[in-house]
Structure formats: C-alpha cells, structure tokens
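Chain identifiers are assigned alphabetically (A, B, ...) following the order of the sequence lines, protein sequences preceding nucleic acid strands; residue numbering begins at 1 within each chain. It should be emphasised that the depicted structure is a prediction, and the values quoted were computed from it without experimental measurement.
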Amino acid sequence: MTIAPQTEHTATSVGGSAPPPVTLTIDGVSITVPRGTLVIRAAEQLGIPIPRFCDHPLLDPVGACRQCIVAVEGQRKPLTACTTVVTEGMVVQTQHSSQVAAKAQSGTMELLLINHPLDCPMCDKGGECPLQNQAMSSGRAASRFHDVKRTYPKPVPISSEVLLDRERCVLCARCTRFSAQIAGDPFIELFERSAGEQVSVYRGEQLDSPDIISGSEPFNSYFSGNTIQICPVGALTSATYRFRSRPFDLVSTPSVCEHCSSGCAQRTDWRRNRVLRRLAGDDPEVNEEWNCDKGRFAFTYPTSQGRITTPLIRDESGQLVTASWSQALTIAAEGLREARDAAGVGVLTGGRLTVEDSYAYSVFARLALNTNDIDFRARPHSVEEADFLIMHVAGLTPATGGLRYRDLDTAPTVLLVGLEPEEESPIVFLRLRKASRRLDAPSTTVYSVAPWATRGLEKLSGTLVEAVPGTEACVLDALTDDDGTDGAGQISGTSPEGGQISALAAALRKPGSVVLLGERAASAPGALSAAARLARATGARLAWIPRRAGDRGAVEAGALPDLLPGARWVVDRAARAELEQLWGVAPGSIPATPGRSTTRILAAAANAELNALLIAGVDLDDLADPAAARNALRNVGFVVSLELRESSVTEYADVVLPVAASVEKAGTYYTWEGRARPFGRALPESDALPDSRVLDALAAELDVFLSLGSVEQVRAGYAAAVSGVTGPASSTGLRGTGLGGTELGGTEFSGTEFSGFQHRASAKPERGEAVLATWHHLLDAGTLQLGEPHLAGTAPRALARLCEATASEIGLTDGDALTVTTDAGSITLPLEITRMPQRVVWLPTNSPGSAVRRQLAADSGDIVKVSAGTTSPLPDDNLAQVAGGDAEGAGEGPQSHGGER
Amino acid sequence: MTGAAAIQAASVTPVLTQRWPHQPWKLANYERLDGYAGLRQALRQTPDALIELVKQSGLRGRGGAGFPTGLKWSFLPKDVGAPHYLVINADEGEPGTCKDLPLMMVDPHSLLEGAIITAYAIGAHQAFIYVRGEAVHAARRLRQAVREARAKNYLGRNILGSGFGLDVVVHAGAGAYICGEETALLESLEGFRGQPRLKPPFPATHGLYASPTVVNNVETIASVPFIVRHGADWFKSMGTEKSPGPKIYSISGHVKHPGQYECELGITLRQLLELAGGVRAGRSLKFWTPGGSSTPYFTAEHSDVPLDFEGAAAAGSMLGTTAIMVFDETTCIVGATLRFIEFYAHESCGKCTPCREGTYWMEQVLRRLEAGEGTEEDLSTLLDTCDNIFGRSFCALGDGATSCVVSSIKYFRDEYIAHVRQRRCPLASHASAPLAAQGVH
C-alpha cells in the first residue's frame, strides 16, 4: 500500500538505458535478444527446443549435463547452449542443422542412460520425465552398453517427505543449486566423485544405512518440494505421491494456494474426486515457478477424519445429529431471525475464505442480519489495525498503484515490521532473497524490527533492528524523526545503536524503498500508525502482508465492522446509498452504525448483547483468548457454524452447515498485493457447497434474496461493488460525499490523519519474568496441515528462546527445559540460547507443545513468567489437542488477542 | 625420483636443477648459491618492467597448456577494488609427472623466490601454494621454507626494505586429480568441492574469491628468478623459438635410469633415452607418452620428434607436463590403457556427463578386452565414446582421458584385435613388470 503511489514503472531497470540488443542466427533464423541472453533462451524464443537437464531458467548456469551442445561457427569445439552468452552476429546450429550437435547430443544421451536404471514402468516420473522424453527425441534406439550398471539401495529418505533414488539421478545439480541459490537451505549437496558422485544430506552414517535420518541432518527445508518438481528424472520423489499414480491418469486443474497470502499459482492433480498431488504453477509475477512445502503437500485436510458431509442439528439431548438441508436451513434461519430481531447476530468469518465467500458473508450480514457486526480477523487485532486497513489497504491493488512482488526485486531497502517472511509468506521470502542476492544491479538490503535475528533473516543477509515486543513503534518513530543527516537517533525502550537507526533512516529515503507490515503489527500498539508516519516521512511504500489467504480479499469484500465492499466506509452515507442502489435494496437498508470487532462480538455474545453467532472457518484457539471465546459460544443463545470439519466451534453450534473446501469450489484469493487470483473448481464430482451458496439459501429462508446462488452471480455482484475503486482512503479521500461530521461523531475514527495511536510505555519485566515474543512457524499444528505426517516430519522443532543472561538468571543453559507461565497455564519447551534482548522470551505460536493462545492466552508484548522446566522438555502430547479444529477456516494457529485493549 | 648424482650427471642445461646436488633446501646453502639474488634484483625494478621482461623471455606455462606467462600476468585488471592473488599450482597429479615435487623437496626456496617476484610483478600481497594432498612431505618442507624466509624478511611486510609485502600460505589439497585444473583448484582453495568452474569469467578477472588471480605451475614460477638474473635473451638462447628455456623432463618406465632430466625444450626422445641409459637391457621401445597420461601415445617412430609445444602437437600429441613414460615391447597396450582409464574413471570429478559416464563405461569395456572377453565392436564403441567425450566434457580432464584410448587403437589396433580373437592377452602379463627377469616371455 503506498502512501504516494508511484508511476507504473518505478525501477525495473536500474541504471540508465539498457545496452543495445544482440542479433544472431539459430538454424538460419535471425533473432534479436537482449545482451547477456543465453543461447538456449534465444532458441526457446524461436521455438527451437534444445534438450537439456541441468539448465533451469531460474538457476545459475552450470553446464554439467552437456546435453544442450550446439555448434557455433568459428568455435573449435561445440558449446553448451545453456552456458554460452549470445554475441553479435553469432551463428548457432542446433541438432536440427548440425551433424556435430546432433551427434554430441545423442552421445551424451547414451552416456546418461548407461547408469540409469530401466525402471520407468515403476517410476513416478514415467510419463512426464524429461529424460524419458529426450531419450526418445535425441537418443539411440538401442544401447551399446553391455556392462554393469552402478547400483544403490533405493530409495533412501533424505527427509520424512523427500525420497532419493540415486540410481535414477543424472547429477544435473538442479536440486542442490535450488537449495543453495533459491531457498538458501543447502541441506543437500553432491558428494563423492566420478560415477560414484551422488546427492546426499550431510550424514554421519553411510547413506546406505537404513537409519539414514537419525544419523544425518535431514533435508528439512520449507521449499524442499520444489526439488522434486524440477528433478528432470525420478530421483527425488515425495513420500506423499510415491507410487500413487501415473501422470497420464491424473486430471490437472490450475489452482491457487489457499495457505497464505502469497497467492501461488498451482496445479492440482486429481483423480476419482481425490487430490493426488499439487505442483507449483508458473507465474513470473507472483511465485515464479516455486511454492512452499505447505502449499505443495498440505492438501489432505479436506479428506482426513472429521470432515462434515451433511448438515447437523443439535437434538434435545444436546448431540449433533444428521439433518436434511431443508431442516437445517429452517432451524438456522429461525434462530438467526429471532436473534436478529432481538439484540442481534455477530458474524465471524475467519481469514481463509475466498473473496466470493467473504463477500457473501458481508452482504448477508448487512442485508439478512441487518448488522455491521462482522469481522474476518480471527487473531489478535486492534482498532488501530481496522483504521489502518481502511486508510492504507482497502482498495489498493496493483491496478491502483499498490506495491507488487516485482517492486520488491528492485527496492533498495526493505524494512520488515512484525513480519517473518519465511514463516508467514514464503514467496515474499523467496523474492526478497532473490532481490538481496542480485548481482546485475544494486541488491536489496533487508532490515527487520524484531527481537532476534532468525535464520530466515540471515538468509536474506538482513540486519536486525532489535526491539522488545511492544516497542516497535518507538523504533519506527525514531526512524521518522531521524532525517538521516545526523547520526544521533535516540530511542527509548529499545537498544539499537543510533548509528544503525540513522543508516536505516537514510536507506529508507532511497526511492523505491518499502516497509512491509505483518499481521502481527496489530499486536504492537502504535506500530501501524508509526509505520504510516514513517512512510510519509521517508517516501517509502507500505504493504500489509497478512498470513492467511483470505485476509486480503476479506478487506476488499468488507468483512469488517467499519468497511463495506469496495473500500466504502460504513459511516459514509453516500457510499452506503451507492451500495444500496447497486444491491437493489431500499435506502437505509445498510446499517449506518459501525459494527463490533471480533473481540467485541464475542464479548457481546457472552453478555447477551448479541443473541446469535454465525461463524465460518474459525478456530477458537487462534483467538486472543480462546477461553473467553468458548465462554461466549457457550452463553450465546444460538450458534450457526459453516464448517468443513468438526471443530471447536461445531462443538457449541446449534446448526452446522457443511461447506466446500477450496478444491471443491471455484473462487478467488487475493495476494497480499491485492492481486486477484481466481481459480476454477478442481473436483467436479464433489457435492459440497460453497459458503456463498449456503448463505444464499439461508437468506432465502429469511425471505431475503441475495442472488448469490452461483459463483458467477457472486462474482458479478462483487465486481460491480468494487468497480471504480481507485485506491485506499488515504490516497483518494472518501468515496462518497456524504461524510458529515455528525456521522463521524459517534465512531471510533480519529480522522484521516490517522495519527492517534501512540505506543504505550513498554512493560518492565522483573526477575523471573519476560516479555513474550511469538509468531507461527510455517509448518506447525495448524489444522490445514492435518493428515500429512510426512510434511509434519519436516517442521521445525518447537524451541523456546531466551538470551544467555536471562537464562542464567533463572539457572538455565542451552537445552534445558524452560517453562513459560501465565494465569491461563504454562508451556514447557527446550531452551535455545539466542542473541536477543534481556527478559524477552520467544515461543512458537502454535507448534506441537506450544499453543500459546490456548495454553497461555497471551500475545506478543505480554509479560509472562519464566522458570526452570517442570516437565519433560520434549514436545509431544499437546499435538493432538492443538491440531483439532477448523476446516476451511482458521487453521493454523492461535491468534488474536489484542483486540481493543 | 632418483638420486641426486644421477640427476647431475644427466642434466644438460642445469638451470632449475643447478642447485640440486648442494642441499639447497637449507636456506644457508640456497643463499650461498645466489639464492634470493633474483629477488633483490627484481625489487629494484618496477612491476611492469618485470612483466615485460617475462613476456620478452617467452616463458610459457609448465603445467601443460603452455600459455605465455607474461601475457597471463598482464591480463590482471588494475584498480578494480579487489586484491590480486597469486596461486601456485603444486597439485602435480598427472600420472608420470614427477618434476614439481622433487623441485619443492630439493629446492623449495627457488619456488618461494619466484613466488615473491611474481607477486611483486602482479601486485599480489597474498600467495597460495596448493600442494597435492598426498605430498605431505613437500608441504612440510615448503612450510619450513616459508618460516625461514619470513624470518629473514624474504616474506612478510616491507620485504628487504622494498616497501612490498607478501605472505604465502602453503595449502594441502585432499588428493584429487581434478584440483590440478585451475578453477577446480580455486574452488578447493576456497573450501568448496573441487570441481571446475564455468569459464568465462577467467581467473585473471574472477579467480580466488572472485578477485583477479594468476594461477601458475611450480616450474613456471621457479623459472622466474633465473630470468630476472640472467635476462630474457639468455632464456631464449635455450630451447626453440616458440618454446624457449629449459625444462625438467620426468622419465619413468622401462628405462635404465628413470628420473628428472633438465634439458632445453625441443630435445628428442632419442636424446633423452641416451641420458637415461636407454630402454632396459634386451628390450626395445614400444610406445611412450610425451607429457603424461593425458597426452596421446607416441611410438618408436616418434623418437626424433622435437619435444616442445609445437613439435609434440605437430606429431599428433601434446607436450603436456613433459612426463615421458616409456613402455617396452613386453607391455600390453590394452592393459596399459586400461590402467590409465581406471585412473580417469576414479579421478573424474563427476560434474559432467561425458567424462563421468564415459570413463566409467570405457573402463569396463577395456577390462573385458584385456581379459579376452571383448568384441571387435568394442573398438568402435570405444572410439565413438571418445568422440562423445572429447570436446564435449566440461574441462580438459575428459579430453585427456580419451588420448590413451584413441592413440592406442590408432597405433596398436592389431593388438586389440588379437585380444579379441585369441580370447586372451597375447603377451605374458608379468613380463612388463619393472623387476621381471629379462628374457621371460
């Protein structure tokens, strides 16, 4: 989100005019390409396929496989097309016009095959194998190799998810280069030499030992699945897909990942109404050709145990029993009508809905329930955040000048606030890593305001701007106040050196610099406001990167108490009128009063200020105070739950209506950029209904007709609602003209200046206490990762972190058990001594053994007690409990606190 | 290696080996024999003048490729904001080659003196000597020499009051043939897996730690002090026009007195054999390598080929490292070639397909042929495989692996065919052993 949107082409080519292009001929055809292009890329542009294995356009050239040999006029020897840069007037002959090239290629192919096993009939790659295909196109009909092939035990696991078959490997080094260059996780490498060269993890034991994992450092990279996809043979396979199918028996549907706001293009391969695997799609503007392992492997949750397939109603004995749709809808409508006509109904939508479904809830709340009590934020949130979303997020998309992935490539400086990209938006992490490593232009320098430098930050060659949780706003204000000209930035409550602040303040003033805010910034009082001030002072662009795939779309769809679809303020009379006209409802149909946030909805429900709740895809254990949420659900008169699976919400629901998982419906997610990522339905045989269809039927029972029966109808309605949005309120002013002072009077708004939130004085922990810092691991106990043990096996181990001084205060050293306690409960984890501020403790938010919200009811910035562990530090038994829960909805972790405190 | 006496007797141009009989590894001896005189002389000149001098001398790299040394030095870009490095390739691993190790063992200070002069000429303040991992003795002796040189201010800051400073690190490799390839050597020196790098960029601009780097062979560097002391014309008075200077030839195999023989470039095998006492008694020359296992075999008919860069190439082989391996008629060509290929199959770094897979395959084919289990088709398979390796592999190691196969079939096809038809090796397998009783057949 920009404060001052820049023109479309901000900084694509750094440094003046590009050098003149180069013209060459390939197989007699002339082509002009940019200087520096490789011959193999130029040939691709002409549609001349040159066989290759080691070449990959996103990896550095290596020239290892020698398959792409071409003849170049004037060269003594033929050259590899994948390593040869075009020159002016170059004359290239590929296998199509040069006997030398054709002979070299078939020779290399023969050599590649001498040690390749003839196990295509049982190989996962069979049917989509570059080696198989190119052996057909470039190889000999019969082998002259009569000797003994090199053999290995096969396969060996190099992580719980990835299996390695060394016999099949052609040693192209794509996987090792990906891991080293793209992911920054060089956990696999080539070992040995000659024909014995092999890919391996680092190991103490022989790879041939059956106990490979225990003796080794496994390939636990969040991006390991990409190596399987780019392996040109069947050497790397996944435990999930191995031996499950042949590619030609699968139907492939383009899809979009539902796991985070990165918005990866994917391909969903399915058969008999069941997803068999997912692959990264190719979208240069978003995920290039990569995705993370969560997106790739976490797709079993809709089919694992606990899926709800029919409507359920609560009978007299208090049990949920199967019901017909008409029966369930009737009961749900009755309950909601009664509550609506009494104190009202609150709507909690979670962060995992498609924009179509969010829009449907948004419309349903306003027109069927006559309320603005709707909030998608199933996590810690604040009033400040709601204002920030209105002022700096809603309406800002790539089309209206918003920040794009592409802009990260060329940003001179990126400041992260409350955001750990590798854990929370892995593709943003990959982009930043790429930007921080570029050699062809000045690389991006990354800074992170955080309590400690994570491995993710190290992989970005990033610099930590150390801050105790809760003091982030102080750091940002110091940056705002330091105009970069003198070196004396003074910050209270934090301890970064003034020189660092000055350097960063100056760096942020370079054109194209960016401040990226995570959803966790809402837990740092004043941080979002301070970030907005900083952006205004420095000219840096702002972007908000929430964790969940539905969050960004929910803002546009108006699933917020203050915001209507299309970046319209609830308090803006003209905006309401516009929407009422669009929806064909009577003037005044849309309630004029801003609604309650998630926390306030739950509080109201507990106090009978609301009589019913309509909840979609929320895991109560993600909320700031799960116990309070349970209490609210227990006490509120009526609960309707639209869910995939049995969850903490269905436990209290009076009516449960089953809904479709993302593969069972068409929909759209928004990337953090605000880029729409529409996708079609992958599994056509599923009879599960999308939320919007269920809401349409429910509304009809309430005698409200919403025209949301099909996804096309929803999309049409939504498109009309958001058409003409030109940016967020901060850049465009208000949408309507009817915003009189009278209407603003009773709201929580502080005005467009958006400067009313200041950081609070930082808390001062005593001995034996610490300020809590917490965020999610990408792979954790989230419910959307259910049913995939191979993936779970690669998740980082849950560890608690303290600095050495604080640990020794309570008599602990590295590896000891540390217990973190609040009034709500305690968590015990192994301690890892970490360089971080004194009296700060870090816990993973929702990893096995560390459900911070449920067990501690605490959030970043809270003061907790730390002491020597009272139980075994091994994480463990909490897993089952933590992993129960949501379906489409609130998945992963614990969330929220923070609300309006 | 052989005794110092034999060397002395056989040397015809005692330049590089002139001090060898006098225990020059002791610094006092080295200094008494004009040691470090070339350094003192060099430090009085400008670096550019030294580069020009070496250019004028026509000195060519002694590691095998014969690239003009002065020209290589002049490629280093100046003022790029990166340090310059000198890296000395002492990874002498080419089978048959035994010139650098004796030089480093006997006369380590001559290498250091050359290194200091070279570093001064190219503006390097840090030099590395990459010693083959198996040569612990040589690394130890070099380190001792470095300590002594440092103590006498031949190394360190402000060398001999010149204002020029240099430190030398003696780095032991881990015993991989590929690390004699200069870019693989640099990878290894940086702590990575020893595999060759893509070129370009070349080491002159992006060498060690992506900085301008000169990589030179031990013998090349050791030649430099003599050029400084005696001048380019003196150097060019030896050898041939395009390959001037003295050269240490390593002679091994079926000769009476194997060892190092320093001669002018352009000497012939016939002359060298005279120095080495001829082929062992009662035997005649069958084939030989002019420059190690990577150079195509020569036969008796090549006895008068001038052994300089041009002469060896014109006759269909290469000068290589001037490692003359002599094989008499008791040697089975298939068996000898198999041994060579076994070496390449073992030492291929594994990076590129042709070298890795081709040597793996050829080793098996040759083993079958040697055992009398081959077919005539195998010969065409071998030649075709060599065609698929030569010029297609990533670095010169693959090319080198084809030399013995192609040349052996070229000169001794009949002997291969005899293996196939007789279903066994036609020669007595033990007769070629160095200590085999003469006359056994």
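- Rounding to the nearest 0.5 Å places CG of L112(A) at 6.5 Å from CZ of R356(B).
- Contacts of Y360(B) with chain A are made by side-chain atoms alone, with heavy-atom separations under 4.5 Å and no backbone atom involved.
- When the candidates G358(B), P196(B), G391(B) are compared by the number of heavy-atom contacts under 4.5 Å with chain A, G391(B) comes out ahead.
- The aromatic rings of F145(A) and W361(B) sit perpendicular to each other, their planes meeting at more than 60°, with 30° as the lower class boundary.
- D147(A) has no carboxylate O lying under 4.0 Å from a charged side-chain N of R367(B), or vice versa, which leaves the two without a salt bridge.
- Shortest non-hydrogen contact noted between A345(B) and S194(A) is O-CB, 2.8 Å.
- For Q99(A), the CD atom is loosely surrounded, since the number of other residues' heavy atoms within 6.0 Å does not exceed 12.
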| Worked check of side-chain contact (heavy atoms from CB on, under 4.5 Å) between L111(A) and T385(B) | CA-CA 8 Å; L111(A) 291 170; T385(B) 302; 4.2 Å; yes
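- With a 4.5 Å cut-off on non-hydrogen atoms, T108(A) touches chain B through its backbone and its side chain both.
- To the nearest 0.5 Å, the span separating CG on D399(B) from NZ on K77(A) amounts to 4.0 Å.
- For a residue to count as touching a neighbouring chain, one of its non-hydrogen atoms must lie under 4.5 Å from one of that chain's; by this rule S393(B) touches chain A with the backbone only.
- The two residues N388(B) and E110(A) make their nearest non-hydrogen contact at ND2-OE1, 4.2 Å.
- With a 4.5 Å cut-off on non-hydrogen atoms, E347(B) touches chain A through its backbone and its side chain both.
- Here the side chain of R392(B) pairs no donor or acceptor atom with the backbone of A104(A) at under 3.5 angstrom.
- The neighbour count for F192(B) CZ, taken as heavy atoms of other residues, nucleotides or ligands under 6.0 Å away, does not exceed 12.
- With respect to the salt-bridge test (charged N to carboxylate O, under 4.0 angstrom), the residues R193(B) and E197(A) qualify.
- Atom NE2 of H346(B) is surrounded by 12 or fewer heavy atoms from other residues, nucleotides or ligands within 6.0 Å.
- If you measure heavy-atom distances from R76(A) to chain B, you find no contacts under 4.5 Å at all.
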Quiz item: How far apart are the C-alpha atoms of V148(A) and Q364(B), what are their side-chain angles, what is the distance that settles it, and do they pass the side-chain contact (heavy atoms from CB on, under 4.5 Å) test?
Solution: CA-CA 8 Å; V148(A) 180; Q364(B) 296 198 43; 3.6 Å; yes
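- Heavy atoms closer than 4.5 Å to chain B are found in both the backbone and the side chain of L190(A).
- More than 12 heavy atoms of other residues, nucleotides or ligands sit less than 6.0 Å from atom CD of E88(A).
- Note on Q195(B), R197(B), E357(B): by heavy-atom pairs under 4.5 Å with chain A, the leading option is E357(B).
- Annotation: maximal heavy-atom pairing with chain B below 4.5 Å, among V85(A), T83(A), N115(A), occurs at N115(A).
- Nearest approach of K103(A) to D387(B), heavy atoms of both residues: NZ-OD2, 2.8 Å.
- Atom-to-atom distance recorded for C355(B):SG and R66(A):CZ is 10.5 Å, nearest 0.5 angstrom.
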